[in-house]
> 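Pasting in a structure now, in structure tokens, and then I'll have a few things to ask.
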Amino acid sequence: RKEVEQDPGPFNVPEGATVAFNCTYSNSASQSFFWYRQDCRKEPKLLMSVYSSGNEDGRFTAQLNRASQYISLLIRDSKLSDSATYLCVVNILGAGNKLTFGGGTRVLVKP
Amino acid sequence: EAQVTQNPRYLITVTGKKLTVTCSQNMNHEYMSWYRQDPGLGLRQIYYSMNVEVTDKGDVPEGYKVSRKEKRNFPLILESPSPNQTSLYFCASSLNRNEKLFFGSGTQLSVL
């Protein structure tokens, strides 16, 4: 089992709709969680950190479910410009104590 | 402007010809890291550095070398590139290994 797993998609989303997707992690002691956005062949850019209480940034909402070991990202009122790959990043404790990337979830917003 | 500068953006080379990809950050970050990204495999860590003169292997270090002589620079060296090292490479830095990463704009390397 991979340490950090994501549904690769693509999620085809009508413009204006809401889309949500999850990322599961295997190490229950993981501490830090992030969502990054990556456009095709470009560098990943931080979208938002994920806090235990959940957090919101405009149309984006991130949640953490420690009991079930997943984080989620919800995008409301999808824009065409939201089309991208969304990478889940988890700090894996133990050997290495490093940030580990999921494979990404591709989102395509269509008119 | 706070940034991670990575060069070159594109590089085509031949098998066995040594090359260096440079990475520099101006944010006084302690932690720097190199990743390669391949279709279906996501981002995989090659090497990382916790601070000057401190480097360690990531998940896929074979065929690569790094050095951290100065805090701002973290070059990636391929002593004898092979076609399986054809990939998209990213350098990244952060305050420490648990904090958010800032990425360079990437280097698309093709080894013929």
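Throughout, a chain's letter reflects where its sequence line sits, starting with A, and its residues are numbered from 1. This is a predicted model, so every value here is computed, not measured.
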> Please classify the contact of A:Ser32 with chain B as side chain, backbone, both or neither, using a heavy-atom distance under 4.5 Å.
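The side chain, not the backbone.
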
> Can you tell me which portion of A:Gln38 sits under 4.5 Å from chain B's heavy atoms? Options are side chain, backbone, both or neither.
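For A:Gln38, side-chain heavy atoms alone lie under 4.5 Å from chain B.
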
> Starting from B:Leu88, can I reach B:Trp34 by hopping between I/L/V/M/F/W/Y residues whose side chains sit under 4.5 Å apart?
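No, no single cluster joins them.
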
> Using a cut-off of 6.0 Å, state whether more than 12 heavy atoms not belonging to A:Arg37 lie near its atom CZ.
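Enclosed.
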
> Counting only heavy atoms not in B:Lys71, do more than 12 fall under 6.0 Å of its NZ?
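Yes.
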
> Could you state whether A:Leu108 and A:Leu73 fall into the same hydrophobic cluster, counting links through intermediate Ile, Leu, Val, Met, Phe, Trp or Tyr residues with side-chain heavy atoms under 4.5 angstrom apart?
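Unlinked, A:Leu108 and A:Leu73 end up in two clusters.
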
> Name the region of B:Tyr35, side chain, backbone, both or neither, that has any atom closer than 4.5 Å to a heavy atom of chain A.
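Contact with chain A involves the side chain of B:Tyr35 alone.
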
> Under a 4.5 Å heavy-atom cutoff, which of B:Gly42, B:Ser105, B:Gly40 has the most pairs with chain A?
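The candidate making the most pairs under 4.5 Å is B:Ser105.
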
> Can you tell me if B:Gln6 and A:Glu43 form a side-chain donor-acceptor pair at under 3.5 Å?
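There is no such pair between these side chains.
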
> So if you build clusters from Ile, Leu, Val, Met, Phe, Trp, Tyr with side-chain heavy-atom gaps below 4.5 Å, do B:Leu109 and B:Phe90 land together?
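No.
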
> Give me the atom names and distance for the closest heavy-atom approach of B:Glu99 to A:Leu99.
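Nearest heavy atoms, B:Glu99 then A:Leu99: O-CD1, 3.4 Å.
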
> Going from OG1 on A:Thr85 to CD on B:Gln37, what distance comes out if it is rounded to the nearest 0.5 angstrom?
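Reported value, rounded in 0.5 Å steps: 8.5 Å.
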
> Is the shortest heavy-atom distance from the side chain of A:Tyr36 to the side chain of B:Leu43 under 4.5 Å?
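Side chain of A:Tyr36 against side chain of B:Leu43, heavy atoms only: no contact under 4.5 Å found.
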
> Under a 4.5 Å heavy-atom cut-off, does chain A meet the side chain of B:Leu101, its backbone, both or neither?
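Looking at B:Leu101, backbone and side chain both touch chain A.
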
> Quick one: do A:Phe33 and A:Phe21 end up in the same hydrophobic cluster if we chain Ile, Leu, Val, Met, Phe, Trp and Tyr together by side-chain heavy atoms under 4.5 Å apart?
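Yes, same cluster.
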
> With a cut-off of 6.0 Å (strictly less than), are more than 12 heavy atoms of other residues, nucleotides or ligands near CD1 of B:Ile12?
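Open.
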
